[in-house]
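Here is the structure we will look at.
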Amino acid sequence: MESPAKDQYGRLLKDLRISVIDQCNLRCTYCMPKEIFGPDYPFLSPNALLEFDEIERLATQFAQLGVNKIRLTGGEPLMRKNLDQLIAKLTAISGIDDIALTTNAIFLPRDAKKLKAAGLERVNISLDAIEDDVFKKINGRGVGTLPVLKGIEAAQTAGLGIKVNMVVKKGMNDSQIVPMARYFKNKGIILRFIEFMDVGNHNAWDLKNVISKQQIVNTIHKEMPLEAVEENYYGEVASRFQYKDGTGEIGVISSVTDSFCGTCTRIRLSADGKLYTCLFASEGYDIKQKLRDGIKDEELKEVLAALWGRRKDRYSDERGAIKHADRKKIEMSYIGG
Ligand code: SAM
Ligand code: SF4
Ligand code: SF4
């Protein structure tokens, strides 16, 4: 590896998050409200998407700048055809030692085995409620929990590592915090709670609807006592808590009430080939154009290093001081979380 890329605050470039498609088979209210993401929504056309060879080329250059972890996301990444072929290409890149996928799990019974065979190691599965009625209301498509639970089972059978992610929003699913914790305790699956975030411009975010990390932990602790544990590695985004009875752990991702920009090592690539140095960015850098204009590898690496080198993003740390009304932000379904 060459010298690792550092941004303006000395943060290293370690994680590459790749969105492979902006479409989804669900319409979660906090991410793709169906009133906005209806039949007329202008999703990316297939020829706007980066080709797998282009993604591989970028990932190879990123690996030389210090990236060792890749996560595939969407939209719903399993709606991108032949995703296993991309995983096989990424697995072969020298320096990449961890490949993961974030998914709603619905296609995992179909895909888990071939994804694992291609080199996928871990999946993060989104499930925001264990009660059918609550889940049906959240996902905007009336889908019950069974397809997701079957997806979890398929991932387990295929030998994939699993974490389950639950976004918590007041009035939407705070009633599910304890039932979800109870369900996944003892199952060897880490459940991670995510504070509802102000990503994009369409999810009607309001601080009043955020249930804080402290509230989530207190709620569970009352019934199933917890204690804090050390992070597994530098820059881990979830704070960890283990059950005092030794039956497992939970995590909480607290981008709103306890932000972690100081250790943020992540760059994001959209499905149409734009690079974003922050989840809350307004503008991306069009790297697809450079690729299609025939840029050579050496220059490509310089462009990527310079982009990271200019980076000053600290949105979550500065959230309180930012004027939100007229700030345009990218959508979660476009950039993938
Ligand atoms: N469709 C896949 C899924 O749901 O896992 C991958 C894409 S989804 C955009 C990635 C993650 O972002 C999911 O865990 C989802 O729950 C989370 N997410 C979406 N909107 C969010 C919001 N407003 N606040 C916090 N997390 C959000
Ligand atoms: Fe789709 Fe994932 Fe967004 Fe839900 S959170 S609408 S499953 S992209
Ligand atoms: Fe990283 Fe931006 Fe999130 Fe801060 S707000 S942790 S800089 S992605």
Side-chain angles (χ1 to χ4, degrees), residues 7-9 11 13-15 17-34 36-37 41 43 71-80 100-108 123-129 135 138-141 143 147-148 151 163-169 172-173 191-206 209-211 235 237-238 252-256 258-268 270-271 276-282 308 311-319 322 329-337:
D7 72 7
Q8 293 286 304
Y9 301 121
R11 295 171 295 189
L13 171 57
K14 303 295 281 178
D15 312 84
R17 193 161 279 212
I18 303 171
S19 171
V20 289
I21 193 162
D22 64 338
Q23 299 186 36
C24 184
N25 47 343
L26 297 183
R27 289 288 179 276
C28 302
T29 52
Y30 57 82
C31 174
M32 298 178 80
K34 61 177 188 242
I36 306 285
F37 293 85
Y41 188 82
F43 288 107
R71 173 172 297 280
L72 299 173
T73 179
E76 175 43 48
L78 298 182
M79 289 181 75
R80 179 82 189 250
L101 171 81
T102 303
T103 174
N104 63 31
I106 290 173
F107 293 120
L108 279 178
V123 282
N124 284 3
I125 293 176
S126 301
L127 177 64
D128 301 316
F135 189 62
I138 296 171
N139 68 57
R141 288 266 156 101
V143 175
V148 182
K163 284 183 187 141
V164 170
N165 287 337
M166 167 178 174
V167 173
V168 185
K169 183 180 165 195
M172 175 180 88
N173 63 345
L191 172 62
R192 300 194 314 175
F193 298 90
I194 305 177
E195 290 179 350
F196 174 41
M197 291 189 281
D198 50 336
V199 202
N201 296 103
H202 297 305
N203 67 1
W205 186 85
D206 190 325
N209 295 327
V210 176
I211 309 264
V237 295
V252 187
I253 300 172
S254 53
S255 158
V256 180
D258 187 11
S259 56
F260 36 77
C261 298
T263 57
C264 179
T265 54
R266 187 169 296 165
I267 194 157
R268 294 173 164 87
S270 68
Y276 293 86
T277 53
C278 181
L279 179 56
F280 300 91
S282 304
W308 189 260
R311 179 187 194 238
K312 284 191 189 156
D313 305 281
R314 291 176 47 226
Y315 178 89
S316 289
D317 281 357
E318 295 165 343
R319 184 178 273 110
I322 290 171
K329 288 179 284 180
I330 42 169
E331 291 300 316
M332 193 65 142
S333 55
Y334 169 72
I335 202 63

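Each residue takes its place number in the sequence, starting with 1. One-based numbering, in listed order, for ligands and for the atoms of each.
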_Using 0.5 Å steps for rounding, measure from the OG1 atom of Thr73 to the CE atom of Met332._
8.0 Å
*Tell me yes or no: between the side chains of Asn25 and Glu76, is some donor less than 3.5 Å from an acceptor?*
no
*Side chains of Glu331 and Phe37: does their closest heavy-atom pair fall under 4.5 Å?*
yes
*Gap separating the CD1 atom of Ile36 from the CZ atom of Arg27, nearest 0.5 angstrom*: 11.5 Å
*Any salt bridge between Asp198 and Lys329, counting N to O under 4.0 Å?*
yes
*At a 4.0 angstrom heavy-atom cut-off, what protein residues surround ligand 3?*
Phe260, Cys261, Cys264, Arg268, Cys278, Leu279, Phe280, Arg311, Asp313, Tyr315, Ser316
*Rounded to the nearest 0.5 Å, how far does CZ of Arg314 lie from NZ of Lys312?*
11.0 Å
*Who are the residue neighbours of ligand 1 when the rule is a heavy atom under 4.0 Å from any of its atoms?*
Tyr30, Cys31, Thr73, Gly74, Gly75, Glu76, Thr102, Thr103, Asn104, Ser126, Val167, Ile194, Glu195, Phe196, Met197, Asn203, Met332, Gly336
_Any donor-acceptor N/O pair, Trp308 side chain to Arg11 backbone, under 3.5 Å_ = yes
*Please say which of Asn209, Asn203, Asp128 ends up in a side-chain hydrogen bond (donor to acceptor under 3.5 Å, both in side chains) with Tyr30.*
Asp128
*Without swapping roles, check the side chain of Trp205 against the backbone of Val199 for a donor-acceptor pair under 3.5 Å.*
no
*So which protein N/O/S atoms does atom 1 (Fe) of ligand 2 have within less than 2.8 Å?*
Cys24 SG
*Please list, chain by chain and in numerical order, all residues satisfying side-chain hydrogen bond (donor to acceptor under 3.5 Å, both in side chains) with Arg311, sequence neighbours excluded.*
Asp7
*What distance do Asn173 atom CG and Ile138 atom CD1 have between them, rounded to the nearest 0.5 Å?*
4.5 Å
*asked:* Please report the interatomic distance CG(Asn104) to CE(Met79), rounded to the nearest 0.5 Å.
replied: 9.0 Å
*Relative to the ring of Phe280, is the ring of Tyr315 parallel (under 30°), tilted (30 to 60°) or perpendicular (over 60°)?*
parallel
